[in-house]
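Below is one structure, written out as structure tokens; the observations come after it.
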Number of protein chains: 2
Amino acid sequence: MGKEITIYDIATKLNLSAATVSRGLKGHPSISASTRKRIVDTARELGYRFNSFASNLRLQRTNTIGIIVPRLNSNFMSDAIAGMEKVANKAGYKIIISQSLESTIKETENISTLFNARVDGLLVSLASDTSSISEFEQFINRNIPVVFFDRVFNHPKCPNIVIDNYRAGYEAADHLFQKGCRRIMHIGGNQTGKVYRERFEGYQKALRDHGLIASEDLLIISQLSFEEGTSAAVQILAMNEKPDGVFVANDACAIGCMLELKKHGVKIPEEIAFVGFNNDPMALVIEPNLTTIDYPGEEMGELGATLLLSLLNNNNDDNFEQTLLLPHKLMDRQSSQKAASLEIK
Amino acid sequence: MGKEITIYDIATKLNLSAATVSRGLKGHPSISASTRKRIVDTARELGYRFNSFASNLRLQRTNTIGIIVPRLNSNFMSDAIAGMEKVANKAGYKIIISQSLESTIKETENISTLFNARVDGLLVSLASDTSSISEFEQFINRNIPVVFFDRVFNHPKCPNIVIDNYRAGYEAADHLFQKGCRRIMHIGGNQTGKVYRERFEGYQKALRDHGLIASEDLLIISQLSFEEGTSAAVQILAMNEKPDGVFVANDACAIGCMLELKKHGVKIPEEIAFVGFNNDPMALVIEPNLTTIDYPGEEMGELGATLLLSLLNNNNDDNFEQTLLLPHKLMDRQSSQKAASLEIK
DNA sequence: ATCAAATGTGCAAACGTTGGCATAAAGAAA
DNA sequence: TTTCTTTATGCCAACGTTTGCACATTTGAT
């Protein structure tokens, strides 16, 4: 429980001034190599630990970046956060993580917490029903950079890092068409944000391009949970004209739906083919394995953090791309192989 | 980008001293209600935000607790962390999270990061191959409380929050026995830490109690990943005398194993029954649904945070339970219903 | 009217680090 | 030797909050 060692203690011991010790520790060029070495050695010997609060107070910056995400426990998110942590750590930044749990209210609370924690910048993936980012204005007004990823919002000052959800939605629906589906259903997420809306719009476009109609009764909007997948299946089972293919905007919901349909004897993919989204590990557990859209979580996290750090350092205010697109990939698996099974018949 | 407002600005505006403003903002009893109101109103009006660095510097505490976990992306962990965040937030604490990714080296780095961040306390679930907690001594020596949960280590100064892994292992193996298994295999995790060792020992005891032998060839030790489940299946397929039941120390590995066995035509549970551990969401996706041990993540997180906070506030140095046990529960599902299928035959 | 107690507020120092500016010492050019 | 650089270090104030102690004012009791 000994007292904390400060640079003064080191200075006293070496007959130097605190300023010299501070500079020595920081590798300032005007300190001679020999003095620097003595300082560093003594610091280690005395068990000195840097006081970031004093430093933060003095420098008016925190070397901390805040992260707000809908939930931590998805595969994508933990990859993304791992990527951010890697980049941030290397640059000497700490991270503070908070979850909105898909609630705009909780999100607002988190924003103030991070505002009061005086993070130097923010990496945000929005809750699905957030329809305005006015809460972020307090950051933007103070020139604290805000970078959105995955669940983004267009704002002239805030870069976005996303995949092309429109294109991915298009590809998913097109894939089902290529496999022989003609009544293609969509189970989509909250349409307030861009992500699920774009996936839906891509799906619609694909249908139109193939001369199909994206009719109302082939659309279910939900929160995309596993349980809501089950409910969606119940709805499907009650339909007179069932779909022959379903594009679900995330894997958990797709799997909940598939399990329930299977339980009622529906053959997948023969009767109904499925395409999901996210490439969740569960997609390889469900039988048949789920065709889904994969996208690079860790890379997105790294890119987001890198971009944020560059905004923090070079204050090239307007010299950035508004939107960065990352590639996605359709993982073609058994849940969509209807064509093959049709050929057999 | 206006300058930050400080208590001095508020004080000047109201013709008070900074000290009075500070006390007013904190609700100190010696400030009259009317003055307090004026202070709070003016603070809001001016857009004052509390400077926690100055406060931390002055008070020598950070109102931050550090969390170290093996990985964020398991269902259990995100529940546990959600529980911690809830409790910590309510008490006005921030949390800093870091992952060891099961590496003792990365864990050590995280420990120093959090040490330098001067967290007021630590909530830790150890990496699976951590065999010594000497790195934590720097905290313990300074009377910074360290609470272990789930993956724990016995240290007289550090409370543990766990489930009874020994008993759970016993119950899992016993369950398989009750269902008719007589060659019960165990796929266990790293035996360095207590968790997987205890599950293994419980399994051994159950076998002994039923007059069975836990022989070497019925034991596989691995990192318990999904992929290692696949390898385990390959080993099983190569065995002369195959097991008729397998207790796997986590669900991901159990599921990897089951999928591979099914691919080779092994009937589950008829030929080989399975019991997993963790109650991962995947356990309800695999067919047959996996019998597994469920335990309360969120509750464990809440309890851990509550305990840590109580250690921070009352410095009742020695007045705590060394080990807190939380209840677990065997979720009896299809993957272990061998007895029923035996009866049919 | 006098004194004691209670109430409300201010003063000033401390927390540990940092960076502009000043200065001392040493070497180089005249 | 004198003057000018260059190099290495020290001085000092500032960052914003907190708190022990002192002080002033009010209230109530005698």
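Here is how names work: the chains are called A, B, and so on, in the same order as the sequence lines, proteins then strands, and each is numbered from 1.
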d([atom1], [X]; [atom2], [N]) in whole Å:
X: A:K37; N: D:dA8; atom1: NZ; atom2: C1'; result: 19 Å
X: A:I10; N: D:dT9; atom1: CD1; atom2: C1'; result: 16 Å
X: A:R38; N: D:dA8; atom1: CZ; atom2: P; result: 13 Å
X: B:L59; N: C:dG16; atom1: CG; atom2: P; result: 12 Å

Q: Name all pairs fulfilling the ring-ring contact (aromatic ring centres under 6.0 Å, His included) condition that reach into residues 30-65 of chain B, sequence neighbours left out, sorted by first residue then second.
A: none

List in chain and number order the residues that pass ring-ring contact (aromatic ring centres under 6.0 Å, His included) with [X], two or more places apart in sequence or in another chain; answer none if no residue qualifies.
X: B:F148; answer: B:F136
X: B:F139; answer: B:F115
X: B:F76; answer: B:Y295

Q: To the nearest 0.5 Å, tell me how far B:H28 NE2 sits from B:L25 CG.
A: 13.0 Å

**Q.** salt bridge (charged side-chain N to carboxylate O under 4.0 Å, His left out) against B:D41, all qualifying residues, sequence neighbours excluded
**A.** B:K37

Q: Starting from the 5' end of DNA chain C, give me the residue, B:A33 or A:Y8, whose nearest nucleotide shows up first.
A: B:A33

Q | Pairwise 5' ranking along DNA chain C for B:R36 and B:Q60, keeping only the more 5' one | A | B:R36

Q: Under 4.0 Å between any heavy atoms, over every strand shown, what does A:I7 touch: base, sugar-phosphate, or nothing? Just pick one.
A: base

Q: Just grab all the salt bridge (Lys or Arg N to Asp or Glu O under 4.0 Å) pairs involving residues 11-34 of chain B, residues at least two apart or on different chains.
A: B:K13-B:E45

**Q.** Any residue meeting side chain to side chain donor-acceptor pair (under 3.5 Å) with B:Q99, in chain and number order, not counting sequence neighbours
**A.** none

Q: Would you jot down, in residue-number order, the residues of residues 44-57 of chain A having a non-hydrogen atom under 4.0 Å from DNA chain C?
A: A:Y48, A:F50, A:N51, A:A54, A:S55

Q.
Please list, in numerical order, the residues of residues 13-30 of chain A that have a heavy atom closer than 4.0 Å to any atom of DNA chain D.
A. A:N15, A:L16, A:S17, A:A19, A:T20, A:R23, A:S30

